[in-house]
Undergrad: 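For reference, the structure I am asking about is given below.
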Amino acid sequence: MENKGTDEVEKLKTKFLSAWHNVKYSWALKSKTYFSRNSPVFLLGKCYHFKAEDEHSSTESSSTEACAASPATGGGVEAFRRDFASRLWLTYREEFPALPGSSLTSDCGWGCMLRAGQMMLAQALVLHFLGRDWTWSESLSLQPLDTETWTTTAAKRLVASLEASLQGERPSDPGPPLHALGAHGGAEEADTHLREVYHRTLVSWLGDTPQAQLGVHRLVELGLASGKQAGDWYGPAVVAHILRKAVEKATDPGLAGITSYVSQDCTVYSADVMDSHRSWLAGDADAPPLSDTRAVIILVPVRLGGEKINPEYFNFVKGILSLEYCIGIIGGKPKQACYFVGFQDDSLIYMDPHYCQSFVDVSTSHFPLQSYHCPSPKKMPFSKMDPSCTIGFYSRNVQDYERISQELSKVLQPSAKEKYPAFTFMQGHRRDYNLSAALTPEKREWPFIRDPRTTAATSGDFVLL
């Protein structure tokens with residue numbers, strides 16, 4: 001009888017903690033994120049202008065010049081909203097199956113870097129299967145994430161969870177209704193339908209089940225080999241290696257045409273990347289490659305300063321986020337990860353994983369997609385960015401990599417004040433240099449440390465001014 005009472009108390013504690021996480025991590029939003037009408041906005045290689053069509057001031061020419069280095073000009077406010085809301089958003093979740101090696105059924109409070117890594121990986125998969133111009137048909141119909149709505153929802157769920165705990169029931173939390181799939185007649189409709197099938201498949205690979213190829217369960221399992229456990233803090237460099245292992249070990253046939261590479265000591269060895277592009281027969285590197293068109297996700301852990309980011313790297317980060325083959329940057333503030341996808345002036349644009357949502361069973365045929373897309377961008381001054389981060393790129397084939405390495409070499413040119421680039425490209429294989437022979441595997445993952453320089457932090461934060 002005593003044991004039964006103890007079990008009930010533990011269940012009540014667990015449900016209360018879950019409900020509390022939902023309140024604590026329900027994104028204490030500022031009501032608006034502010035953008036300037038007079039400056040271009042960059043989002044993963046696309047450039048957007050927010051000036052009204054009837055405005056013809058001299059700032060238009062300067063904005064056009066600022067976008068000249070971008071491969072594509074995306075349009076105005078609505079085009080930006082559609083593009084941003086189409087990026088896959090991975091956040092804290094609760095009430096999913098227990099994580100490997102633990103009894104945890106939520107990653108609230110500790111899994112933000114894993115979620116940021118999933119978002120970067122998702123962007124690579126979107127480029128691979130759907131292309132950079134793809135947008136979700138329902139992206140503009142997502143409900144705005146205003147403070148009142150979200151806080152009210154969180155409070156209602158807290159009450160419902162506590163009531164259910166007392167009654168011994170689990171609260172129901174139905175997702176938003178899905179639009180029924182209509183008939184697809186013409187070629188355009190068939191293509192749209194196929195893209196949505198890919199879209200749903202990508203999300204299912206990132207789901208919160210042990211079977212998901214790139215889900216948080218798989219990432220935690222792979223992290224165990226590096227001494228990381230569920231509940232631990234994961235840094236951007238460690239997450240880069242976990243993502244690489246997850247992609248390499250994926251068994252779904254759909255992921256056979258893509259692999260991952262992680263740089264060592266801030267150096268990308270071109271021969272190693274080109275080898276990754278080639279599909280070898282049964283893993284035999286001595287046999288001729290069957291194809292050189294396997295795509296590669298290139299992950300580069302770097303450190304852009306000491307305790308704080310070095311201001312000399314601001315333009316470098318802008319240059320990186322202006323490239324269409326950049327899949328973003330995972331980093332954030334100390335112990336608070338986020339996924340950087342763009343910038344305007346001196347503020348970064350990012351997606352925030354710090355919102356606790358309910359588990360979605362991605363094994364069902366028509367699971368809701370809305371919670372995997374975020375309609376509201378957030379901004380943060382460059383000066384608040386943690387210097388430790390991982391930069392990601394997508395390379396489709398060997399020819400693509402040759403172009404990417406040449407273009408990045410120009411972006412990586414150090415400024416007059418900063419003598420060292422954030423990372424470098426080297427010809428040949430890493431083994432040819434043997435620079436890390438005396439280092440432990442853990443220390444080989446540490447990026448070079450730069451000298452810090454301080455800068456004044458400014459507040460930055462969707463209203464057009």
Side-chain angles (χ1 to χ4, degrees), residues 29-89 119-120 122-124 126-127 130-142 144-145 195 199 314-329 338-352 373-382 385 391-394 407 411 458 460-465:
L29 295 174
K30 297 179 180 179
S31 57
K32 300 291 182 182
T33 298
Y34 293 88
F35 287 88
S36 170
R37 289 186 182 273
N38 299 320
S39 300
V41 178
F42 287 85
L43 180 67
L44 294 171
K46 286 191 176 293
C47 181
Y48 296 91
H49 299 278
F50 289 174
K51 282 184 64 65
E53 292 182 0
D54 58 347
E55 292 181 355
H56 298 283
S57 65
S58 60
T59 56
E60 183 175 354
S61 60
S62 62
S63 296
T64 302
E65 292 175 1
C67 275
S70 179
T73 300
V77 177
E78 184 172 296
F80 170 79
R81 288 181 54 217
R82 182 184 297 110
D83 191 4
F84 179 86
S86 297
R87 301 313 104 201
L88 293 186
W89 184 40
M119 284 189 270
M120 185 164 66
Q123 178 60 17
V126 167
L127 292 181
L130 298 169
R132 180 61 187 90
D133 292 332
W134 172 82
T135 57
W136 185 34
S137 59
E138 298 183 34
S139 59
L140 294 181
S141 64
L142 293 173
L145 309 180
R195 289 178 179 275
H199 175 203
F314 291 177
N315 286 334
F316 160 75
V317 174
K318 291 181 179 181
I320 290 295
L321 293 173
S322 301
L323 304 171
E324 278 201 343
Y325 47 83
C326 174
I327 56 174
I329 302 173
C338 56
Y339 171 47
F340 298 112
V341 294
F343 67 92
Q344 184 184 43
D345 296 327
D346 294 325
S347 293
L348 288 155
I349 300 170
Y350 67 98
M351 301 178 72
D352 193 345
H373 292 274
C374 176
S376 301
K378 300 183 77 174
K379 295 178 75 175
M380 182 179 79
F382 273 90
M385 178 183 179
I391 306 170
F393 305 97
Y394 169 79
E407 292 180 2
V411 177
T458 58
D461 271 338
F462 170 23
V463 168
L464 301 178
L465 302 177

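Note that the structure is a prediction, hence the values are computed from the model and not measured.
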Undergrad: Do Trp134 and Ser86 pass the side-chain contact (heavy atoms from CB on, under 4.5 Å) test, and can you show the C-alpha distance, the side-chain angles, and the key distance before you say yes or no?
TA: CA-CA 8 Å; Trp134 172 82; Ser86 297; 4.2 Å; yes

Undergrad: Not counting sequence neighbours, which residues clear side chain to side chain donor-acceptor pair (under 3.5 Å) with Tyr350? List them please.
TA: none

Undergrad: Nearest 0.5 angstrom please: Met120 CE to Ile329 CD1, how far?
TA: 9.0 Å

Undergrad: Any carboxylate oxygen within less than 4.0 angstrom of a Lys/Arg side-chain nitrogen, looking at Lys379 and Asp346?
TA: no

Undergrad: Assess the pair Tyr325 and Tyr394: is the distance between their ring centroids shorter than 6.0 Å?
TA: no

Undergrad: I need the minimum non-hydrogen distance between Asp352 and Lys378, along with the two atoms involved.
TA: OD2-NZ, 3.0 Å

Undergrad: Is a salt bridge present between Asp345 and Lys318, judged by a nitrogen-to-oxygen distance below 4.0 Å?
TA: no

Undergrad: One pair to check against side-chain contact (heavy atoms from CB on, under 4.5 Å): Met385 and Met380. What are the steps and the verdict?
TA: CA-CA 8 Å; Met385 178 183 179; Met380 182 179 79; 4.1 Å; yes

Undergrad: Who passes side chain to side chain donor-acceptor pair (under 3.5 Å) against Asn315, sequence neighbours left out?
TA: none

Undergrad: Whether the side chain of Arg132 engages the backbone of Leu44 through a donor-acceptor N/O pair (distance < 3.5 Å, no angle test) should be reported.
TA: yes

Undergrad: Could you go through the side-chain contact (heavy atoms from CB on, under 4.5 Å) check for Phe35 and Phe80 one step at a time?
TA: CA-CA 12 Å; Phe35 287 88; Phe80 170 79; 4.2 Å; yes

Undergrad: For Gly76, does its backbone N or O pair with a side-chain atom of His49 as donor and acceptor, under 3.5 Å?
TA: no

Undergrad: For this output row, return yes or no: ring centroids of Phe42 and Tyr48 closer than 6.0 angstrom.
TA: no

Undergrad: What's the verdict on side-chain contact (heavy atoms from CB on, under 4.5 Å) for Trp136 and Leu88, showing C-alpha distance, side-chain angles and the deciding distance?
TA: CA-CA 10 Å; Trp136 185 34; Leu88 293 186; over 6 Å; no

